[in-house]
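Just so you know, these numbers come straight off a predicted model, no measurement behind them. Any value given below was found using the heavy atoms of this structure, including those in side chains, with hydrogens, waters and symmetry copies removed.
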Amino acid sequence: MQTLTDVIQFYSKGNPEHGQKRSTVHNGILLNSEKSGMVRMLELSEEEISQLEAFLKTLSSKPERILPPELPK
């Protein structure tokens, strides 16, 4: 299981494990992906990663219960 720190470090490195072009078959469907040229290394320091993780943990919202509309009979 990935921790939030692992995810931040992964994106900080600019998604290094993703090659320029990759094809994958998922549920019988061929998926082609290409890493965007806009993806780049953030090179975050350990302190910046820690600060970003603390900030992301503050984001929350109350679960909202949505009732289905009453349909005419």
- Task: Identify the heavy atoms of E48 and E43 that sit nearest to each other, and give their distance.
- Result: OE1-O, 4.1 Å
- Item | Distance (rounded to the nearest 0.5 Å) between S12 OG and E46 CD | 9.0 Å
- Task: To the nearest 0.5 Å, tell me how far L44 CG sits from I8 CD1.
- Result: 8.0 Å
- In a check of side chain to side chain contact (heavy atoms under 4.5 Å, CB included) between I49 and each of L4, T5, L42, which one passes? T5
- Message: Count I, L, V, M, F, W, Y as connected when their side-chain heavy atoms are under 4.5 Å apart, and connections chain through other members. Are L59 and Y11 then in the same cluster?
- Response: no
